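All figures in this text were calculated on a predicted structure; none of them were measured in a lab. Convention: sequence-line order gives letters A, B, ...; per-chain numbering from 1.
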Amino acid sequence: MSEKSCTFASQNAKVRRLIMQNDLFVRYSTQAEAEDAFRKMLHLKDEWRAQVRECERRLAL
Amino acid sequence: MNLSLDHINAKSPYQLVKLTDLTFAFTTDGGIRYSVGFYADTLFMKKGAYHFFIDNTEGEHGPHDSKIVDVVVAVLEEFFDQEPSVMLYICDPVDHRQAARNRLYTIWYQAYAMSHNLTMYSDSVKIDNEVYYAGLLMRHDHPHHDEILSAYQEFLKFFPVRYHLPEK
């Protein structure tokens, strides 16, 4: 492989990595956005706990 | 993801009952009921991250029970045997005993991580004047290991009032 094609392959790998990261991660622009997401996660945890208790009730555990 | 009840029960000292694909319930020798499992979490990853929880269903306090950690280990082993995934946890601040929970969970998870080739990263964040202890576990061979760890650490930088917990 020539030096030029190596460089090209390396750049492609970098682009692929960036695309993958964008697909995989949620990005926040500000602290307020991140804090809001964290609060929503806590709320989701409470909702999930309620759903689990409802499952237990239905199964008469 | 669908965790196998049979696989978990083969290793667990308490027999679990399946509530959902990722959630189970069990009762201790002392009669205290727990739910344990995961739910999908999209806080910083769009997919592939699951929030782990173990909940004392009725809020009862019982004597120390060493079998509970063995249940947790059985559940985690089944989880990490599945497709590459990230486990997130947060210590419940509901009764302001999150620091005590964090100490216990850190002991549990660090021992588990060290013996099962897992990366563990724990930290704390402060929001609305409440400190939350949170962490992440994933297999060393997760295909996106380094990117996930970096992204999690970057995410935590949004929370300026925090202190890093020393790794043991």
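When each of B:Asp55, B:Thr23, B:Thr42 is scored by its heavy-atom pairs under 4.5 Å with chain A, the top score falls to B:Asp55. Between chain A and the options B:Thr27, B:Asp41, B:Leu43, heavy-atom pairs under 4.5 Å are most frequent for B:Leu43.
For B:Ile127, the part sitting under 4.5 Å from any heavy atom of chain A is the side chain, from C-beta outward, and nothing else. Heavy atoms of A:Lys45 lying under 4.5 Å from chain B belong to its backbone as well as its side chain. Looking at B:Tyr152, neither its backbone nor its side chain comes within 4.5 Å of chain A, counting heavy atoms on both sides. Contacts of B:Phe38 with chain A are made by backbone atoms alone, with heavy-atom separations under 4.5 Å and no side-chain atom involved.
The six-membered or imidazole ring of B:Phe52 lies away from that of B:Phe79, with a centre-to-centre distance of 6.0 Å or more.
Salt bridge present: A:Glu54 and A:Arg57 bring a charged side-chain N and a carboxylate O closer than 4.0 Å. Taking a cutoff of 4.0 Å between a charged side-chain nitrogen and a carboxylate oxygen, B:Lys67 and B:Asp70 do not qualify as a salt bridge.
A side-chain N or O of B:Asp65 and one of B:Tyr14 form a donor-acceptor pair less than 3.5 Å apart. A:Gln51 and A:Glu47 are not linked by any side-chain donor-acceptor pair at a separation below 3.5 angstrom, with hydrogens and angles left out of the test.
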